[in-house]
Every structure is written in C-alpha cells, then in structure tokens.
Amino acid sequence: TVDDAFTQSGGLASTFSGNVDLGDGTDLSMSNSGTGQLKVKGAGYTGAIALNATAMYIYHNSSLRDLVLGTNETARLTIGGSSGNATFAGNVSLADNKKIKLGAGVDLELYSNGADGYVVAPVDDLVLQAADDVFIYTQGGADAIIARGSAQVELYHNNVKKFQTTSAGVSVDGGVTITDTTGTRG
C-alpha cells in the first residue's frame with residue numbers, strides 16, 4: 001500500500017494476483033487475468049485489452065465498442081466496434097504511390113504518383129454513377145465531358161461545347177473533319 005507518491009527509476013517487475021487500484025478504488029483499477037488480458041476499470045466502466053497470436057482486441061463493458069483515438073480531448077479517429085466503420089475527423093493523407101485499396105480482391109485503387117492522380121479498377125469495369133449529372137473537368141475547372149441525367153452527353157474542346165447527343169441523334173457545333181472514308185456506301 002502506497003498512500004502518497006511512488007517513484008521508481010528503471011523497470012518495475014512484479015508477479016501479482018488481484019488488482020492494482022489507483023485512487024479510491026473507483027478511479028482506476030487494473031488486473032491481470034492470466035489469459036493475455038489486461039482489465040481496466042474506471043468511472044463505473046470496465047474495459048479490457050486482450051492479446052492473442054494474431055490480434056489485439058479492445059473491449060468496453062465486456063463487448064466490442066467504439067475505439068476512439070484523439071488529441072487534446074478531440075476525437076480524431078473513431079472505429080465502430082459493432083459496425084466496423086472508421087470515421088476520421090480530418091483528412092487521410094498518404095505518401096506518393098501509397099494506395100487506398102477497396103474490395104476483397106482489390107477491386108478499386110485510388111492513389112497519386114506525385115504528378116498524376118489515379119482511379120484504377122484492375123479487375124473489371126469502372127462505374128461512375130450520380131444522382132443527376134456527371135462532370136469531368138480539366139485543369140482550371142474547364143468542362144471536358146458532361147453527362148446530363150436522363151439527357152444529353154456533351155463533349156468540350158477548350159471549354160467550348162462541340163458535340164452533344166440529342167433525342168434524335170447528335171448535334172455538332174463547328175465543322176466535321178473525316179480523315180478516313182474506308183468502307184462501303186449503301
């Protein structure tokens with residue numbers, strides 16, 4: 001029993017059974033279950049950190065709950081214990097050529113090589129779907145391709161519309177140059 005300050009330099013090794021209580025017994029209590037778990041109690045809650053050969057588990061009140069990592073008492077990363085969802089309170093920054101890989105078989109990759117950004121679907125089609133319009137812009141936000149919801153598809157050159165689909169076919173703004181006329185006429 002230590003009633004005041006306890007100072008130890010170097011390592012502290014001990015074999016114990018039971019609890020190590022800090023404060024009045026409800027502030028913080030730690031116990032070693034002998035099964036690879038460190039149990040912690042505090043403020044009326046019980047938690048455990050369990051280790052085995054393949055993983056580390058963090059439990060709250062004897063069930064998997066949210067894991068919150070933070071700084072300055074602000075949550076920065078929350079991993080939902082039951083949902084498995086991760087919520088970031090800021091940006092996710094990766095070094096060049098490091099990828100965000102999605103899908104069980106890496107169905108989609110997002111990355112930057114430091115000069116260009118890539119969206120890669122290495123195993124099948126890449127599907128872009130929006131509730132309404134889909135826009136593809138070039139540098140400076142200039143229009144390149146606009147697919148209007150339930151309407152036309154527009155192609156732009158230097159931010160000027162040159163071609164669009166219509167309900168009757170296509171519409172071309174400007175001249176049409178055909179450089180290869182192979183084939184037969186009917």
Spacing of [atom1] belonging to [X] relative to [atom2] belonging to [Y], to within rounding of 0.5 Å:
X	Y	atom1	atom2	value
Asp132	Ser150	CG	OG	7.5 Å
Ser112	Lys98	OG	NZ	13.0 Å
Ile136	Glu154	CD1	CD	12.5 Å
Gln164	Tyr156	CD	OH	8.0 Å
Asn159	Gln139	CG	CD	10.0 Å
Gln152	Asp133	CD	CG	8.5 Å

Please tell me if the side chains of [X] and [Y] come closer than 4.5 Å, counting only heavy atoms from C-beta onward.
X	Y	value
Leu108	Leu126	yes
Ile100	Leu94	yes
Phe163	Val153	no
Leu77	Ile79	yes

**OP:** Any chance you could lay out the side-chain contact (heavy atoms from CB on, under 4.5 Å) test for Ile146 and Val134, step after step, and finish with the verdict?
**Re:** CA-CA 6 Å; Ile146 300 175; Val134 174; over 6 Å; no

Original post:
Hey, quick one: are Leu155 and Val176 part of the same hydrophobic cluster, counting side-chain heavy atoms closer than 4.5 Å, chains of contacts allowed?
Top reply: yes

**OP:** Spell out, yes or no, whether Ile145 and Val172 are grouped together once hydrophobic residues are joined by side-chain heavy atoms under 4.5 Å, including indirect joins.
**Re:**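 Result: yes, single cluster for both.
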
Subject >> Donor-acceptor pair, side chain of Asn113 and main chain of Asn97, under 3.5 angstrom >> reply: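 Checked: no pair found.
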
**OP:** Could you tell me which non-hydrogen atom of Ala144 sits nearest to which non-hydrogen atom of Thr138, and how far apart they are?
**Re:** CB-CG2, 3.7 Å

Original post:
For Ala89 and Ala75, which heavy atoms make the closest approach, and how far apart are they?
Top reply: CB-O, 3.3 Å

Original post:
Between Asp173 and Lys162, is there a side-chain N and carboxylate O pair less than 4.0 Å apart?
Top reply: no

**OP:** Begin with the C-alpha distance, continue with both residues' side-chain angles, and end with the deciding distance and a verdict on side-chain contact (heavy atoms from CB on, under 4.5 Å) for Tyr111 and Val120.
**Re:** CA-CA 9 Å; Tyr111 68 97; Val120 180; 3.9 Å; yes

